[in-house]
Structure formats: structure tokens, C-alpha cells
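Here is the structure we will look at, set down as C-alpha cells.
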2 protein chains.
Amino acid sequence: MKQSTPAAEDYLKTIYGHTEWQPNLITPSVLAARLGIAPSSVTEMVKKLAAAGLLHHVPYGPLMLTPAGLRAATAVVRRHRLIETWLVRDMGFHWDEVHEEAEVLEHSISDRLLDAMDARLGHPAHDPHGDPIPDANGAVAREPAILLAQATAGHSGRVLRISDKDSAILRDLATDSIGPGSALTVVEALTVVEPLTVRLPDGQIRQLSPAAAELIWVSA
Amino acid sequence: MKQSTPAAEDYLKTIYGHTEWQPNLITPSVLAARLGIAPSSVTEMVKKLAAAGLLHHVPYGPLMLTPAGLRAATAVVRRHRLIETWLVRDMGFHWDEVHEEAEVLEHSISDRLLDAMDARLGHPAHDPHGDPIPDANGAVAREPAILLAQATAGHSGRVLRISDKDSAILRDLATDSIGPGSALTVVEALTVVEPLTVRLPDGQIRQLSPAAAELIWVSA
DNA sequence: TAAGGGCTTTCGGCACGCCTAAATCTTGGC
DNA sequence: GCCAAGATTTAGGCGTGCCGAAAGCCCTTA
Ligand SMILES: [Mn+2]
Ligand SMILES: [Mn+2]
Ligand SMILES: [Mn+2]
Ligand SMILES: [Mn+2]
């Protein structure tokens, strides 16, 4: 099984991430798109990961993590999210600035340093985007959530997480005082012609673009 | 010139390190030994670094950094030493535990994060081993120093730096209360048959192995 | 000054991780 | 049930960074 390379870790993490919030199996082409690489490159790495016992894969079929692959994936996710949390809480980064840095450091820091960060931060349960941080055993505490883009008018809930994929949207949301933990009520659901409208606890109204609504998850 | 890889950064840093305390030119075989790789590998990388304008090299001759190479090297050294300082001051590492971690992270952290560390630490001038931290422009404040192994009986001075190459010796020295800043006087110089003997400010006597004496630099 | 030993370089190879182009498989629509 | 479009895999290549073995250079020593 050897020890995994940065590239392998990113494959596993991305496969895991695909099913973290929606129960869909990921295909090689989708994985390639998420990683920004050619599908043929995925085929090669998939063979190696399957040979290492980290992935189930029948040719032309979808990709599934084995128990060992799941462990490896959550370990990387834990690193990523703890690093993001540390960057925001200790190093003065904003939540829209941490993703790229964590994308690199997650492959570099030692277990020793990871533990030191975890202890220093008081074993945080969530990262700056609201994503749950797996514990040292890989256990993840996930709350039922629905995508804001799919919420119906009248739905009330707390923002549980906001995907960290798009920095610009994160900055806009921060300007609008919307972040993990924010309470909100859907005034008008998203439609083809209308943006989504929500009301904040102080009565203020906010309109959210479809792109933003696709990144925000609220409690059910 | 492109942006340098971790391997190239380690070559430049190691070449720089060779001449930081002694004015000797480094040869390919010595560089190979320091990096723990085969001499033929050095030949290849040297060609690339020379082509990139970072190194002067005539075939069969020694290696010399160009001004651009020196800038690149001090930038890596700055990263390495700031990271070590941060690990000790903020993360609870001991000075004998930081070298390996910094060896990896020096290639991973962004300029943004480096600046944040530097500011948080108050722009430190020295790392935990007493090595000067180059400033953001690459300027290094170096004090004249002599190797303890070469100090004569009666020599008094402060420990300026201790090489971080050997963790075991660092631990022993910590046990003996010897570290950067320690004042000491040489009671008996190092000879082929005798270990080095020093006296600490409180009058205590310590014997140092030849290996240790070769790693400690004191003020002249 | 002629070796010969020690460095250095060259050569052929390998693992990794990516690519494009060309097969090949699968499957939905007819 | 067939077939073509789309997804996947195969094949051939490239850059990086390492290796060991063999060739070549240099310089000291006799
Ligand atoms: Mn990554
Ligand atoms: Mn995150
Ligand atoms: Mn390094
Ligand atoms: Mn150091």
C-alpha cells in the first residue's frame, strides 16, 4: 500500500467530497473535471489506487472508496479543514483565502504538527466554511442539510455550510453578513426567473444568485 | 527561469549552507553527499540550475551561486528558519524536532503565510538554533564566529549557533543547558585524545564530544 | 612525464503524473 | 435490436528527479 502521494491524496479526497453531501457515485469523467485533469489520467491513477486497495472499480464503472480508502480520504479532509481553521483563527486569513493554502499544506504537515494545531484550536468540530472536521479516527458528525437552491418558501434554518470552492461568492456573502451559523428564512424560492430571497434575523432581506444558492446548505 | 521545484530549492539552499560559515567552494560530490543522492543526479540538476542562471559551473569545476541563485537560496533559508522559529515559539516543538518539518514546509507555504508568521513572531532575527534569519530582501546579519572544535583553551564567548543536523546532539546539549546565547569558557581545547571541556557561567564544567564541538559556533 | 585513482559526467532506465489521439465499450434512442 | 454518441481505456509521449554502470577527465605521485 505504501504511503500515498499528494496526487493520490487529492483523488481520494475529491472522491470522498463528491458523496459527502449528496449520495451520488462519482464517475471517472466527473472526477477528471473536478481535478482539472484529463480523463485518461484518472484511469491510470484509479488503477493504482484500486491495486493499493483504496478503491473499488470495475472497468467502465463508477468509483467507490474501500474502507481503507475512506479512512485515507477522511484523514486528508481532516488535515485540510484543520489547516483552514488554523489559518483563520490564528493567522489572520479570511475564510475566502484559505482554500488554496490548505490544498497544498494538507499534503505537507506531519501528524505531530496536525495534532499540535488540533490541540491549540481546542479540537474544533467545524472549519471556517461550516464543514465538519473528522476526528482523529475518521468519524464525521454530519447534520442533515438541504441545499438552499432547493429550499421552498417559508423554510427556516441555520446555514450549516458554504462550499469553499468560489472565493468571490464567499466574499460577497461575508459582505451580506451570511456565514455558517447564520439563521435565515426563505422568502421566495429560487426559480428560473427569480433570484432566491431570504430574510435575516434582524429583518433584513437579501437576494442570492443561483450560483450562491447552489453553494449554501441549511439545516433541514 | 520558471518557478523552482522543491528539489531545486534544496540544491540551492544546500549550496548556500555550505558557504554560510566557512568560505569553501562546494563540489558536486560533496553536494551529493549532503543531499543524500547520487553524484550523477547532481550533474543533471546542476545543468538545469546553470541554464536557469542560478548557478555558475564549468564542467569538472566547483559550484557557485549567481546573484539570482543567492537570492533564491536565501529566500528558502528564510522560509526554513522562520518555520522552525514558529514551530518552537507557537506550536510547542522542541528545537531538536523542527528541522524535518521545516525541510518539507519550506517548499509549501505561500508568501502570504510566511509574512503572517513573520509578523506574528515579531520579525525574529534568529531561529531556534541561533542561525540568522535573512530579511525579506535576503540580507543576512551574520556575526563572526569560530567553531568550538577549533577554539583554544581560555577562549570565552557566547554560543552563536548550533547546527540543527543532529537531533540527538541537540537533545544532549539541551540536557546540559547549552544553547544559543549560552556563555561559556573553554577550559581545555579539543585534542585527539581529550574531549573539549568548557565552563558555564555558574561554574559548572561540561565535557563535549568531538562531534558536538564540530556543530557549535561561538563568538570570536 | 606517465600512470592511476578519484571525481565528474554520460548513458540507459525507472517511477510518477500528466497529456493527446486513437481504440473500445456502453447505452439511450430510434 | 441496432447504432451512434459519449464515456472510458489504451497507446505513445513528455518532464522531473532519481538510480547504477560505464566512460572520461584531471591531477598527484612516482
Ligand atoms: Mn491538495
Ligand atoms: Mn473548507
Ligand atoms: Mn527541503
Ligand atoms: Mn535551524
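Chain letters run A, B, ... following the sequence lines, proteins first, then strands; residues in each count from 1.
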Ion pair [X]/[Y], N-O distance below 4.0 Å:
{"X": "B:Asp135", "Y": "B:Arg78", "answer": "no"}
{"X": "B:Arg89", "Y": "B:Glu84", "answer": "no"}
{"X": "A:Glu106", "Y": "A:Arg81", "answer": "no"}

Find the distance [X]:[atom1] to [N]:[atom2] and express it as a whole number of Å.
{"X": "B:Leu31", "N": "C:dC7", "atom1": "CG", "atom2": "C1'", "result": "14 Å"}
{"X": "A:His57", "N": "D:dT9", "atom1": "NE2", "atom2": "P", "result": "4 Å"}
{"X": "B:Leu49", "N": "D:dC18", "atom1": "CG", "atom2": "C1'", "result": "15 Å"}
{"X": "B:His107", "N": "D:dT16", "atom1": "NE2", "atom2": "C1'", "result": "15 Å"}
{"X": "A:Leu63", "N": "D:dT9", "atom1": "CG", "atom2": "C1'", "result": "13 Å"}
{"X": "A:Asp10", "N": "C:dC16", "atom1": "CG", "atom2": "P", "result": "17 Å"}
{"X": "A:Tyr11", "N": "C:dC16", "atom1": "OH", "atom2": "C1'", "result": "11 Å"}
{"X": "A:Met45", "N": "C:dC19", "atom1": "CE", "atom2": "C1'", "result": "14 Å"}

- side-chain N/O B:Ser41 vs D:dC18 OP1/OP2, d < 4.0 Å: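 So the side chain of B:Ser41 is outside the cut-off, no N or O lying under 4.0 Å from OP1 or OP2 of D:dC18.
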
- Does OP1 or OP2 of D:dT10 have a side-chain N or O of A:Lys47 closer than 4.0 Å? yes

- Between A:His129 and A:His99, is the gap from one ring center to the other below 6.0 Å? no

- Message: Counting only side-chain heavy atoms from C-beta out, which of D:dG20, C:dT20, D:dT9 sits nearest to B:Ser40?
- Response: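 The nucleotide sitting nearest to the side chain is D:dG20.
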
- Check every strand shown and say whether A:Ala38 touches a base, only sugar-phosphate, or nothing at a heavy-atom separation below 4.0 Å. base

Can a donor-acceptor pair under 3.5 Å be found between the side-chain atoms of [X] and the base atoms of [N]?
{"X": "B:Thr5", "N": "D:dG17", "result": "no"}
{"X": "A:Glu44", "N": "C:dC18", "result": "yes"}
{"X": "A:Thr43", "N": "D:dT10", "result": "no"}

- Message: Could you check whether B:His80 and B:Asp131, counting side-chain N and O atoms only, form a donor-acceptor pair closer than 3.5 Å?
- Response: no

- Message: Taking the nucleotide of DNA chain D with the nearest heavy atom to each, does B:Tyr60 or A:Ser29 sit closer to the 5' end?
- Response: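 Here A:Ser29 is the residue nearer the 5' end.
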
- Message: Quick check: on DNA chain C, is the nucleotide nearest A:Pro39 upstream (toward 5') of the one nearest A:Pro59, or the reverse? Name the residue that is more 5'.
- Response: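 Residue closer to the 5' terminus by nearest nucleotide: A:Pro39.
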
